Amino acid sequence: QVHLIESGGGLVQAGGSLRLSCTASEGALTSHGMGWFRQTPGNEREFVATISWNGGYTAYAASVQGRFTISRDYAKNAVLLQMNNLIPEDTGVYSCAQGRELDASGSAGDYRYWGQGTQVTVSS
């Protein structure tokens, strides 16, 4: 069982930035594709960003394209999500997930382990 731990959430004004980090209790995150998803009360989980095992491929939801960047920190065995120019619609609980395969994926069903999530709140 792999435990994923997110950090970096918080309260920020619209136009501000946050950087989320995802680390694992054991194992190398570089052995799998990784993803970030978000969820708000009453809504389904929404894909945000994904990165392949070696960082060679990334993909984003249209709503965050150009504002968010997913990357890997190999020294810290972490996956990062840099979020810039935040808007109130970005508010939600952000969770990282480890894929079943090496490839990146925007489908929640392709992920095996999930973190508990970190709250991001963007005020207008």
Side-chain angles (χ1 to χ4, degrees):
Q1 182 76 21
V2 174
H3 295 282
L4 301 176
I5 305 166
E6 302 94 342
S7 63
L11 173 64
V12 64
Q13 288 187 332
S17 298
L18 287 173
R19 188 176 75 167
L20 305 184
S21 177
C22 173
T23 57
S25 60
E26 61 182 68
L29 295 181
T30 53
S31 299
H32 302 271
M34 297 292 297
W36 284 96
F37 291 76
R38 67 188 180 190
Q39 190 167 19
T40 54
N43 294 314
E44 293 186 357
R45 181 179 287 158
E46 175 188 18
F47 164 71
V48 175
T50 182
I51 188 167
S52 61
W53 69 280
N54 63 354
Y57 177 82
T58 59
Y60 301 89
S63 60
V64 308
Q65 182 77 46
R67 300 187 297 120
F68 291 11
T69 302
I70 188 171
S71 62
R72 291 184 178 273
D73 184 333
Y74 295 96
K76 297 181 179 179
N77 191 31
V79 176
L80 309 177
L81 184 67
Q82 178 67 42
M83 306 186 296
N84 297 329
N85 195 21
L86 285 159
I87 59 178
E89 288 76 16
D90 293 321
T91 294
V93 175
Y94 284 69
S95 300
C96 68
Q98 183 185 74
R100 304 176 190 276
E101 307 292 343
L102 298 174
D103 298 331
S105 173
S107 174
D110 290 333
Y111 291 87
R112 175 171 53 182
Y113 297 115
W114 294 80
Q116 291 295 313
T118 184
Q119 177 70 44
V120 171
T121 303
V122 184
S123 63
S124 58

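One is the number of the first residue; the rest follow in order along the sequence. In this text, all values refer to a predicted model and were calculated from it rather than measured experimentally.
Side-chain contact between Ser63 and Glu89 is absent, with no heavy-atom pair separated by less than 4.5 Å. Side-chain contact between Thr23 and Lys76 is absent, with no heavy atoms from C-beta onward closer than 4.5 Å. In this structure, the side chains of Arg19 and Met83 stay at 4.5 Å or more apart for every pair of heavy atoms.
Heavy-atom minimum distance, Arg45 versus Ala108: CD-CB, 4.5 Å. Across all their heavy atoms, Met34 and Cys22 have their closest contact at CE-SG, 4.1 Å. Shortest non-hydrogen contact noted between Ser95 and Gly115 is OG-O, 3.9 Å. When all heavy atoms are compared, the tightest approach of Ala24 to Leu4 is CB-CD2, 3.9 Å. Of all non-hydrogen atoms in Gly56 and Asn54, the two that sit nearest each other are N-OD1, 2.9 Å. The two atoms that bring Arg38 and Val64 nearest to each other are NH1-CG1, 3.9 Å, heavy atoms only.
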**Message:** I'd like to know whether Leu29 forms a side-chain contact (heavy atoms from CB on, under 4.5 Å) with Arg72, so could you lay out the CA-CA distance, the side-chain angles of the two residues, the decisive distance to 0.1 Å, and finally the verdict.
**Reply:** CA-CA 9 Å; Leu29 295 181; Arg72 291 184 178 273; 4.0 Å; yes
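Tested against Val12, the residues Thr91, Leu18, Asp90, Thr121 include a single side-chain contact (heavy atoms from CB on, under 4.5 Å) partner, Leu18.
Leu80 is not connected to Tyr113 by any chain of hydrophobic side-chain contacts under 4.5 Å among Ile, Leu, Val, Met, Phe, Trp and Tyr, and they are in different clusters. One hydrophobic cluster, built from ILVMFWY side chains closer than 4.5 Å, holds both Ile70 and Val120. Taken together through direct or relayed side-chain contacts under 4.5 Å among Ile, Leu, Val, Met, Phe, Trp and Tyr, Val2 and Ile5 form parts of separate hydrophobic clusters.
Taking OG of Ser52 as the start and CD of Glu101 as the end, the distance is 13.0 Å to the nearest 0.5 Å.
Under a 3.5 Å cut-off, the side chain of Glu6 and the backbone N or O of Cys96 do form a donor-acceptor pair. A donor-acceptor pair under 3.5 Å links the side-chain atoms of Thr50 to the main chain of Ser105, judged by distance alone. The backbone N or O of Gly33 sits nowhere less than 3.5 Å from a side-chain atom of Asp103 that would complete a donor-acceptor pair.
Within 6.0 Å of CD on Gln116 lie no more than 12 heavy atoms contributed by other residues, nucleotides or ligands. The environment of Gln119 atom CD is dense: over 12 non-hydrogen atoms of other residues, nucleotides or ligands sit within 6.0 angstrom.
Residue pairs meeting the ring-ring contact (aromatic ring centres under 6.0 Å, His included) criterion with at least one partner in residues 11-68, sequence neighbours excluded, are Phe37-Phe47, Phe37-Tyr111, Phe37-Trp114.
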